[in-house]
Amino acid sequence: MVNSAVIGYYTTQFGELWERSLMDLLKEALFGALTETGLQIDQIDAIFFSNMLSGVLDNDLHLGAKISEIIGQNIPIFRTESACASGGMAFHLGLNYLRSGSGKTVLILGGEKMTDYDLETITTSLASAASEEEQQAGLTFPGLYGLLAQSYLSTFNYTEENLAHISVKNHYHGSFNEKGHFQNQLSLQQVMSSPYVASPLKVLDCSPISDGAAAIVLTVDANLINKSPHKIKVLTSQVATDTISLKDRQNLLELKATKIASEKAFKACGLTPKDINLVELHDCFTIAEILALEDLGFWEKGRGGAEAVKQKTRFDDNDGLIVNTSGGLKASGHPVGATGIKQIGELFLQINGLATSRQIQSCNYALTHNVGGSGGTAVVNIFSNYED
Amino acid sequence: MKGIVSYGFYVPSMRITTEEIAKVWGKDPLSITKSLGIYEKTVASSDEDSLTMGFEAAAVALKQARLYEKDIDKKIEGVFFGSETPSYAVNPTSTTIATFLGIHNQYNAYDTQFACKAATGSLVSGLALVSSGINQYCLCIGSDKANSKPGDALEFSAGSAAVALVVGTQNVAIKVLDTLSYSSDTPDFWRRSGESYPSHAGRFTGEPSYFHHVKEASKRILERNKLTPKDFDYAVFHMPNAKFPKRVALSLGFNLDQIERSLVVKTLGNSYSASALMGLASVLELAKSNQRIFFCSYGSGAGSDAFIFETTELIEKIKLPFSEMIRSDNYLDYFSYRKNMMSI
Amino acid sequence: MKTSPVKIWRKQKKVRELLGMRGKIVSWTQIHSPVVGMEPFTPYISALIELDNGTKVFGQIVGTKLQELKIGSVVKSVLRKNFENEPQSVIDYSAKFILVN
């Protein structure tokens, strides 16, 4: 298998960016990544583009051609959509494109513009990733994860406070991420007293509505890899799907797609969870981080609530596993199409010593975990530092 | 012999008291209950309307009818829905209810409006269709989510409920010995297209309207059948409040004991097209076989449909526990009431 | 909810099959941040319900307070209006659930 590496990363600010359109954000990320790597656009063989809502919200599709217009090139541009896993999916497809010999270097670009419309409209558009029956019942994404949280808390005898600790920890990390949507730390009290969005999840249990774009450059060109001052090695990328509807899941206490994707990923690179010390996972809601750490194999099923309280996954205070130094989706924001790419970018920064005030000491192996919807798609990628 | 084979009814679970409404408008609750005789009324939820309530009532009526006719849904050939608060100005509610009930497609259907007698008018037609042999069974539904202008006197009485009747000539539990209607053009209460709330002509809704039509229909049907009030075990009159039916009963020669059981308006309010029929449902809980029930509805605009009912032994099989079914302790404040009534 | 007269017509059978059914609550959530069309009913309760015949369905639970709900509470289906769509649109009637004592 030919070596593949991420050799550059650029992210825009995540937040409520009123003056930037989707195209503005994509342009910034795209050219930012090129500048970071010192590459010219004609050195990119294809672009893999991730976005969920432009069709639903703005009647804006065929983005491939729109990006072609910006870059003035005629290269293939592929769009992927798997709800919130669109970014991870774009990376996966880009990687396989390179491994198939179709090109040497690709750009993985993702972005989302979510703040142009009112909350009800956005809530409804995000719910497009739920089944028709779930939508008929008025369910929203916070609602679906609320159902999962309800089940989890009552089965394992935890309270909303167990969930709140996740938010506190992620906001602590987020306070060191100058590109993040929210850079304020939160107290447990603040999280617990925030109003309900979908019981038992409160405002501060939920990732925000954010604008933003991110891009990485992925290559199998050995020369390019050698010359790059910053790089991380891609060990594996695995994808799994599961039923769209929660009612058809075998078990409401886990996301099977995460379990399958992560089992495949560890098997493919001969590693176990103990080998991983840095993770960027999909904390769209606090409950999602707890379920993810259990389903990825880091915590025993049902122990997550108790583990969360310890807050021992901090970059500066941990038991060997560091989770979401970017601040996660919760604090750094969740512009849907950009998230899966930002997660990879965060590992890139950490492994290459570029994470400024949130820099971890060292990392051999790192993992990203990106989920679509209520677990209908999961993408797990494992990376290593580039010390051969 | 034509008549009612089974019946069903539905009341929403929420209530509001006269006191709660009076408080908001600075009125004395005691003087309201004294003049109207209404203590509380039913409130339908914001996601309920005359269609959903009509469905629930009809589902009960069909369930009861299945005690004799397993395939009642294949034998109903007329479906009639009467309301003054229909969900659509143009689109039949009758066919939507029939579809959700699983009634086969070979039926005639129409919606009627005639203020509070929208359903009893279609009952007359339903009885004619079954006794002529044109239809095997007919389903007649009366349902309203009655609303009023905030602060208007009607706010104390406008309630929500639905009643459904399966009529036929077989398995009759309540025979219809005769029916007689009296109609005129009398503008006592109306609602123009596009208007949210009805309007009324104050005291004109009394003597020339309610009393005249109820008395005429009642007197004429009694005369035609050579019957007097003492030949009846119960009497039911339309209930815009608790006073009018008492007054008209006494003026016709009925006594207060005969109508007491029917006066559901006191705690359920006036559910317009379902109003008098709810009074009938209340009476039927107690009715034994071979009892005679006098019934006269009233619809503004105006008209009355009078009926002479006589129960058979089958009443014991299909009667419903009215008192238990209407019981509720879910009381609303005025704002919640208005919130639920915003959508009819 | 994005709907059309044809879609409403097509789902009549499904709604009819759900009416008159009983089941138990598997999980629920009370939604305070609604989708378009649910604003007048907010907060509302959406739940996963296992019907007596073993099938699982999603539905709204109406007419009850959050505190009255428990996993395993018995519910039955009723016909209600669903969503407050445009005033010119066809009304969406669906099966919702109420608690049974």
Side-chain angles (χ1 to χ4, degrees), chain B residues 8 10-15 42-60 62-63 66 73 85-93 95-105 143 145 162 194 196 324-325 327-330 332 336 338-344, chain C residues 1 5-22 31 34-35 37-47 59-68 75-101:
Chain B
Y10 173 81
V11 285
S13 65
M14 300 187 290
R15 302 283 182 275
T42 58
V43 183
S45 167
S46 48
D47 63 350
E48 294 185 281
D49 64 8
S50 57
L51 189 152
T52 63
M53 295 193 295
F55 166 80
E56 299 292 344
V60 174
L62 254 58
K63 179 162 165 246
R66 278 195 196 95
D73 43 345
T85 54
S87 345
Y88 291 90
V90 178
N91 190 46
T93 297
T95 58
T96 306
I97 292 180
T99 299
F100 287 131
L101 290 172
I103 292 175
H104 68 158
N105 295 94
S143 175
K145 181 175 178 178
S196 311
E324 194 190 300
M325 285 168 76
R327 203 179 311 139
S328 170
D329 58 3
N330 185 0
L332 300 183
S336 305
R338 274 290 151 204
K339 186 175 166 203
N340 281 297
M341 294 308 291
M342 255 168 21
S343 164
I344 55 158
Chain C
M1 173 93 193
V6 180
K7 290 176 80 169
I8 287 175
W9 173 76
R10 204 160 47 222
K11 81 171 177 66
Q12 280 167 358
K13 182 157 180 251
K14 250 205 252 183
V15 173
R16 182 168 66 236
E17 284 166 2
L18 272 182
L19 290 169
M21 300 283 266
R22 287 186 157 221
I31 294 174
V35 288
M38 290 299 290
E39 302 93 325
F41 309 108
T42 303
Y44 55 94
I45 297 169
S46 300
Q60 293 165 49
I61 299 182
V62 292
T64 187
K65 296 189 182 51
L66 194 63
Q67 307 89 281
E68 293 170 342
V75 294
K76 76 168 187 187
S77 61
V78 291
L79 183 70
R80 293 296 174 97
K81 286 192 293 189
N82 199 7
F83 293 89
E84 188 96 338
N85 292 324
E86 284 94 61
Q88 304 88 9
S89 62
V90 173
I91 301 173
D92 181 353
Y93 288 101
S94 299
K96 295 186 185 176
F97 293 87
I98 59 174
L99 271 189
V100 165
N101 296 327

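Heavy-atom basis, side chains included; hydrogens, waters and symmetry copies ignored. Throughout, a chain's letter reflects where its sequence line sits, starting with A, and its residues are numbered from 1.
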Side chain / backbone / both / neither for B:T99 at chain C, heavy atoms under 4.5 Å: both
Quick check on B:F55 against chain C: is it the side chain, the backbone, both or neither that has a heavy atom closer than 4.5 Å? side chain
C:K13 versus chain B, heavy atoms under 4.5 Å apart: side chain, backbone, both or neither?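 Contact with chain B is absent: no heavy atom of C:K13 under 4.5 Å.
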Which atoms of C:V62 are under 4.5 Å from chain B, going by heavy atoms: the side chain, the backbone, both sets, or neither? side chain
Once you round to the nearest 0.5 Å, how far does [atom1] of [X] lie from [atom2] of [Y]?
{"X": "C:I91", "Y": "B:N91", "atom1": "CD1", "atom2": "CG", "answer": "8.0 Å"}
{"X": "B:S46", "Y": "C:E84", "atom1": "OG", "atom2": "CD", "answer": "8.0 Å"}
{"X": "B:T96", "Y": "C:Q12", "atom1": "OG1", "atom2": "CD", "answer": "7.5 Å"}
{"X": "B:N340", "Y": "C:F41", "atom1": "CG", "atom2": "CZ", "answer": "9.5 Å"}

Taking atom types as modelled, find out whether C:Y93 and B:D49 have a side-chain donor-acceptor pair closer than 3.5 angstrom. yes
Check the surroundings of atom [atom1] in [X]: do more than 12 heavy atoms from other residues, nucleotides or ligands lie under 6.0 Å from it?
{"X": "C:K11", "atom1": "NZ", "answer": "yes"}
{"X": "C:R22", "atom1": "CZ", "answer": "no"}
{"X": "B:K63", "atom1": "NZ", "answer": "no"}

Any salt bridge between B:E48 and C:R80, counting N to O under 4.0 Å?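 The answer is yes: the pair qualifies as a salt bridge.
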So which heavy atom on B:T52 is nearest to which on C:L79, and how close?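 Taking B:T52 first and C:L79 second, the nearest heavy atoms are CB-O, 3.2 Å.
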Heavy atoms only, distances under 4.5 angstrom: which of B:M14, B:E56, B:M53 has the most pairs with chain C? Name it, please.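 The residue among B:M14, B:E56, B:M53 with the greatest pair count is B:E56.
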